[in-house]
Amino acid sequence: MIAHSIFFYTFSIIAVISAIMVTVSKNTVHSVFFLILDFISISCLFIMIGAEFLGMIMLIVYVGAVAVLFLFVVMMLNVAQQKNQWFASQESSGHIPVGLIISTIIFFELIIVIGGWKYKPDLFDINNTTNNFSVSNTHSLGQILYTDYIHVFQLSGMILLIAMIGAIVLTFRKREGVKKQSYLKQISRERSEGVELLEVETNKGVKIDD
Amino acid sequence: MEYFNIVFQEVYKILFLLVPVLVSVAMIVWLDRRVWAFVQKRQGPNVVGPFGLFQSLADALKYIFKEIIIPSTSNKVIFILAPIVTMTLALISWAVIPFSATQVLADINVGILYLFAVSSLGVYGIIMGGWASNSKYPFLGAIRSAAQMVSYEVSIGVIIINVLLCVGSLNLNDIVESQQNLWFIIPLFPMFVIFFISALAETNRPPFDLPEAEAELVAGYQTEYSGMMYAMFWLGEYANILLMCAMGSILFLGGWMSPIEIYPFTLVPGAIWLILKILLLFILFALVKAIVPRYRYDQLMRLGWKVFLPLSLTWVVLTASYLFYFNLLPIN
């Protein structure tokens, strides 16, 4: 049990510190790296409470795919320059009240969540579900997800698909006059179409129709 | 004292796994160069030691004694961290590889997901190295490699789903044991081919070695690295290749199972069979390097998204329908 709590406190301290560093660090790329560290330590915490499927999916989806795209975008932008311009301008101070309001709302929401948990501990009644500890976490997840909640599951999948298609449609522009390569045409080229052997007479050269 | 014993035992086990992996990485580099040379009617490294076996050791010595140059404009912390991340991620995934029914360091429930997650993290070493170098070629190489690895991970994930549909468990030992009667390479042969090609792309091997295409990008993301740090990138890359071969042999070639369950074959320990299968796949990797020219970048992307992804998704539907119709779904 001691080892368990040592690991728990190590990972949670890393998670909290890296979450703070995400907002504090001046270099945006560093913030993304701290965000990744945060994701990793939180997935370690998931694994420690026995939710190994959730932890691994967190690693695959957030760290393996989403954060890579984050990093990609942040590296491509010239953030350092923009940030300096933005902080120097007057309009940046106008956003402070809005940010304060949003952060207060989030703070009170967190208090409500923690307080609700404190005053009603049986809110998440584990015995309520058909939790069978003989099967693994992943098995029981699959048994619930594809039977009781199949419609919700499919619906969320459809929403994600629509969001994806929407994003593609919004950014897709049909441009005129773009040279495109046809793979079929490239592969099916014969030698006779591409190469021609010519007898070149001296001092005359050849004229090739382009 | 009890904790100390447990920790000592675990460290002993980990060392007993990692030292052979590192030594075999050195040997596999030699094998790679040797196969490559034989295809091109050359000799390859054959001077140091018998058949040139110690060539990699000589190379390692050379790398150790070379100076580590850190560019003055680089982001130093991330620059140093990048090869360490690559190497660590390449080595920690060996924890879940089963060498026989009992010989596995961590027999976890979600073994295949762990492998997939760690191999998808592998892109970070490359991105960090490319970005921290603060130079054009490494950055271009890192961007290429990020796009490439993310694209091909998708199809590898879908292929893993194909196998999992037939197994009904995420545990690697269960995956191996369910292939007792029939290796998955036979019913899922097209998936094996796609997995092999995606593994080539995932590990930045030729013909998909665009992140380090020397004709265009000098050496890609590792241009600014020298000495031991370069060697660590190299070791990590080859450990990843071995890992992909191990993954292929566990998913499709029956892992530590012997090919035929007849008396003399069953005496051979499972680890030997797994190593033989890994070597077979690795020689295929090396042959591909020698005989196939490099892909163009747009062709690479097209292959990943427009050919492999639809094909493997279709195959998921086919496998699921077949298993459902003939009532073969592994429900327990």
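Protein chains get the first letters and strands the later ones, always in sequence-line order, with residue 1 at the start of each. If you're wondering where the values come from, they're calculated on a predicted model, not measured in any experiment.
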Could you report the tightest heavy-atom contact between G64(A) and S120(B), atom names first, then the distance? CA-OG, 3.8 Å

Option in I40(A), I57(A), V68(A), L71(A) with maximal non-hydrogen atom pairs under 4.5 Å from chain B: V68(A)

Is it the backbone or the side chain of D298(B) that comes under 4.5 Å from a heavy atom of chain A, or both, or neither? both

Other residues, nucleotides, ligands: >12 heavy atoms within 6.0 Å of F72(A) CZ: yes

Taking A117(B), S119(B), G157(B) one by one, which has the highest count of heavy-atom pairs under 4.5 Å against chain A? A117(B)

Are the side chains of V63(A) and Y124(B) in contact, using a 4.5 Å heavy-atom criterion? yes

Quick check on side chain to side chain contact (heavy atoms under 4.5 Å, CB included): which of V118(B), V110(B), L170(B) does M56(A) satisfy it with? V110(B)

What do you reckon, is NZ of K306(B) surrounded by more than 12 foreign heavy atoms closer than 6.0 Å? no

Strictly less than 4.5 Å between heavy atoms, which residues of residues 130-153 of chain B line up against chain A? Please order them by number. W131(B), F139(B), I143(B), A146(B), A147(B), V150(B), E153(B)

For the OH atom on Y295(B), are there more than 12 heavy atoms of other groups (residues, nucleotides or ligands in this structure) within a distance under 6.0 Å? no

If contact means a heavy atom pair closer than 4.5 Å, which residues of residues 9-22 of chain A contact chain B? none

Under 4.5 Å, heavy atom to heavy atom, which residues of residues 29-39 of chain A contact chain B? V29(A), H30(A), F33(A), I36(A)

Can you tell if the side chain of L59(A) reaches within under 4.5 Å of the side chain of Y114(B), non-hydrogen atoms only? no

Roughly how far, to the nearest 0.5 Å, is CD of Q299(B) from CD of Q186(A)? 6.5 Å

For chain A, which residues of residues 5-13 of chain B have at least one non-hydrogen atom nearer than 4.5 Å to it? none

